[in-house]
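Down below is the structure, laid out as structure tokens.
Just so you know, these numbers come straight off a predicted model, no measurement behind them.
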Amino acid sequence: MQKEVNVMTEKELQRSKSVLPIGTVMRLTELSARQIRYYEEQGLVIPKRTDGNRRMYSLNNIDQLLEIKDYLAEGINMAGIKAIYEQQKKRATERREDNLTDSDVRRILHDEFLNISGFDRGVGTSLHSQRPLD
DNA sequence: TTTCTTACA
DNA sequence: TGTAAGTA
């Protein structure tokens with residue numbers, strides 16, 4: 001049993017190892033260096049730094065970047081993405097403090113997502129005329 | 001050669 | 001966001 005835990009830990013360690021330079025990340029994610037660095041400025045996906053201050057990304061970082069890319073493709077902006085992560089962090093806290101069932105968590109998650117996406121699209125776009133945050 | 005920071009058409 | 005400049 002303990003052996004399995006070690007295996008899992010090893011995988012996580014490998015996925016957390018920062019060994020990819022930004023150039024590789026660019027090709028893997030189809031994102032420009034400008035964008036990758038910008039997302040870092042915004043507090044999302046902070047890479048390790050090595051040698052002469054060069055960014056080194058891990059496999060997990062790649063996943064994070066791809067996730068951000070998906071959100072962007074869905075029309076969610078930086079503020080919205082940040083909000084989503086803040087909400088997730090908040091949910092992690094709520095989960096410890098309360099005894100929410102999985103369905104409760106799902107309902108909250110769904111509700112928050114609608115508010116976030118509705119808010120972001122409402123500014124400048126007219127896909128929906130709804131004003132969920134009113 | 002690649003990446004970094006800063007700044008601007 | 002793209003891109004140019006000057007480094008490391």
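Between C:dT1 and A:Tyr39, a contact under 4.0 Å exists linking OP1 or OP2 to a side-chain N or O. For the OP1/OP2 pair of C:dG2 and a distance below 4.0 Å, the side-chain nitrogens and oxygens of A:Arg37 include no atom meeting the criterion. Under 4.0 angstrom from either OP1 or OP2 of B:dT5 there lies at least one side-chain N or O belonging to A:Asn53.
The side chain of A:Arg54 lies closest to B:dT3, out of B:dT3, C:dT1, B:dT5.
Using a 4.5 Å cut-off on side-chain heavy atoms (C-beta onward), A:Tyr39 and A:Leu72 make contact. A:Lys82 has its side chain within reach of A:Gln42: a pair of non-hydrogen atoms, C-beta onward, lies under 4.5 Å apart.
The nucleotide B:dT2 finds its pairing partner in C:dA8, both defining distances of the Watson-Crick or G-U wobble pair being shorter than 3.5 Å. Within the shown strands, nothing qualifies as a pairing partner of C:dT1 under the Watson-Crick or G-U definition with both distances less than 3.5 Å.
Taking for each of A:Gly52 and A:Tyr38 the nucleotide of DNA chain C with the nearest heavy atom, the 5'-most of the two is the partner of A:Tyr38.
Protein atom CD of A:Glu40 is 14 Å distant from nucleotide atom P of B:dT3, rounded to whole Å. To the nearest angstrom, C1' of B:dC4 lies 14 Å from CE of A:Met56. With rounding to whole Å, A:Ile22 atom CD1 is found 7 Å from B:dT3 atom P.
No donor-acceptor pair closer than 3.5 Å links the side chain of A:Asn61 to the backbone N or O of A:Pro47. A donor-acceptor pair under 3.5 Å is formed between the side chain of A:Lys69 and the backbone N or O of A:Thr29.
Taking the charged nitrogens against the carboxylate oxygens, A:Lys17 and A:Glu10 have no contact shorter than 4.0 Å, which rules out a salt bridge.
Residues A:Gln64 and A:Tyr57 bring no donor and acceptor atom of their side chains to less than 3.5 Å of each other.
Using a 4.0 Å cut-off on heavy atoms, none of the residues of residues 26-36 of chain A approach DNA chain B.
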